[in-house]
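Here is the structure we will look at.
We name chains A, B, ... by the order of the sequence lines, and we start the count at 1 in each one.
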Protein chains: 2
Amino acid sequence: MSQISPTEVKQRMECYKEVCHNAGVKLTHQRLEIYREMATTGDHPDADIVFKRVRKRLPTMSLDTVYRTLWLLTDLGLITTLGPSRERTRFDANLKHHHHFKCVNCGLTQDFYNDEFDAIPIPDSVQAIGSVDVTRVEIRGICHKCGGKG
Amino acid sequence: MSQISPTEVKQRMECYKEVCHNAGVKLTHQRLEIYREMATTGDHPDADIVFKRVRKRLPTMSLDTVYRTLWLLTDLGLITTLGPSRERTRFDANLKHHHHFKCVNCGLTQDFYNDEFDAIPIPDSVQAIGSVDVTRVEIRGICHKCGGKG
DNA sequence: TTAGGTGCAAATTCTTTGCACCCTG
DNA sequence: CAGGGTGCAAAGAATTTGCACCTAA
């Protein structure tokens with residue numbers, strides 16, 4: 001579990017408090033500890049893992065508060081989700097090396113091909129983590145259908 | 001919903017039959033229709049959507065068969081999942097522009113930074129789909145911890 | 001003070017499983 | 001014909017929600 005530097009954590013906590021204040025959201029003990037947990041560790045836990053970790057410090061914490069808070073933080077833009085958020089598993093029959101454009105508004109995920117992307121050189125920092133299998137680029141944006149309206 | 005060309009579909013169906021045969025997996029009517037649905041449309045449906053579509057042609061189809069078949073096809077390498085497969089939603093408190101290395105074996109997802117990735121030029125084919133917000137690179141591979149063993 | 005937040009438990013939603021019958025190879 | 005595959009229904013997980021009490025602002 002990669003730890004975030006104390007300086008960075010402090011910065012994140014400040015940012016968190018400011019965003020909550022601006023949004024008119026109360027700074028409860030529970031929320032503080034949940035966000036602190038997220039800000040302190042660099043891994044990408046699911047709700048249950050956050051719950052178990054925070055509970056050590058706050059034994060009265062309940063799982064549903066963790067869920068509610070995690071989605072609140074997401075809505076506030078303080079954290080993001082890995083992969084599809086609030087969606088079920090989706091399947092893809094395209095076995096060719098391809099990349100995805102994902103509309104953050106409607107969820108449309110469209111394949112596209114690009115030789116340059118396929119040929120992106122792998123940086124040394126990644127070699128340090130493990131051996132590379134596939135490189136996939138995900139572009140997030142707004143599709144024309146959604147962009148036209150709002 | 002982007003349609004796949006008939007030639008490509010035919011190719012995929014052939015590939016499907018061959019893989020099933022080699023794996024000693026039976027070619028049932030249900031599996032054929034589920035795979036055909038996946039091979040024909042270029043969108044990335046979830047299990048329930050596949051179920052509803054296939055049911056129009058095969059009214060006796062049941063949702064649990066769709067699930068079983070989708071995972072079977074995934075295990076056979078005929079389809080893949082978008083984002084985390086068989087995992088819950090994970091959260092990320094890192095708001096800096098970063099990329100992910102994901103170990104396909106243990107699920108470890110580690111952040112890394114790379115200026116070159118951040119600066120990748122967006123191809124025209126993507127401009128045609130929509131406006132770009134963020135570009136994120138996901139590298140899939142085996143982390144050193146898993147690589148050493150098996 | 002008071003509106004929003006929490007904990008509990010129950011409800012939902014999504015996915016998996018046990019079992020008897022069916023069909024492919 | 002045999003063993004895997006399917007449909008049904010029921011179980012299991014994961015996540016959300018209703019409600020009464022609590023607490024930050």
What is the separation between atom CE on B:M61 and atom C1' on C:dC23, rounded to the nearest whole Å? 14 Å
Pair A:Y113-A:N94, side-chain donor/acceptor within less than 3.5 Å: yes
Applying a 4.0 Å non-hydrogen cut-off, can you work out what B:T28 is touching in the nucleic acid: base, sugar-phosphate, or nothing? sugar-phosphate
Does the plane of the ring in B:H100 sit parallel, tilted or perpendicular to the ring in A:H44? Use 30° and 60° as the thresholds. perpendicular
First of A:D64 and B:V25 reached from the 5' end of DNA chain D, by closest nucleotide: B:V25
So A:Y16 and A:Y35, would you call those rings parallel, tilted or perpendicular, with 30° and 60° as cut-offs? parallel
Length of the line joining B:L70:CG and D:dG5:C1', which is rounded to integer Å: 16 Å
With no angle test and no hydrogens, is the base of D:dG4 tied to the side chain of B:R68 by a donor-acceptor pair under 3.5 Å? no
Verify the contact: side-chain N or O of B:R31 to OP1 or OP2 of D:dT6, cut-off strictly under 4.0 Å; return yes or no. yes
Measure the distance from CD1 on B:I34 to C1' on D:dG7 and round it to the nearest whole Å. 12 Å
Between B:H98 and B:N114, does any side-chain donor sit less than 3.5 Å from a side-chain acceptor? no
Whole-Å distance, B:R88 CZ to C:dC14 C1', equals 13 Å
Rounded distance in Å - CZ (A:F51) to C1' (D:dA13): 15 Å
Applying side-chain contact (heavy atoms from CB on, under 4.5 Å), run through B:I34 and B:V50 and close with a yes or a no. CA-CA 7 Å; B:I34 291 170; B:V50 174; 4.1 Å; yes
Measure from CG on A:D46 to P on D:dT15 and round the result to the nearest Å. 7 Å
Does A:T65 have a side-chain nitrogen or oxygen under 4.0 Å from the phosphate oxygens OP1 or OP2 of C:dT6? no
Of B:S62 and B:K26, the one whose nearest nucleotide on DNA chain D sits closer to the 5' end is B:K26
Looking at B:Q30, does any N or O in its side chain come under 4.0 Å of the phosphate oxygens OP1/OP2 on D:dG7? yes
Rounded to the nearest angstrom, tell me the gap between atom CH2 in B:W71 and atom P in C:dT17. 12 Å
d(CZ, B:R86; P, D:dG12) in whole Å: 20 Å
Applying a 4.0 Å non-hydrogen cut-off, can you work out what B:D48 is touching in the nucleic acid: base, sugar-phosphate, or nothing? nothing
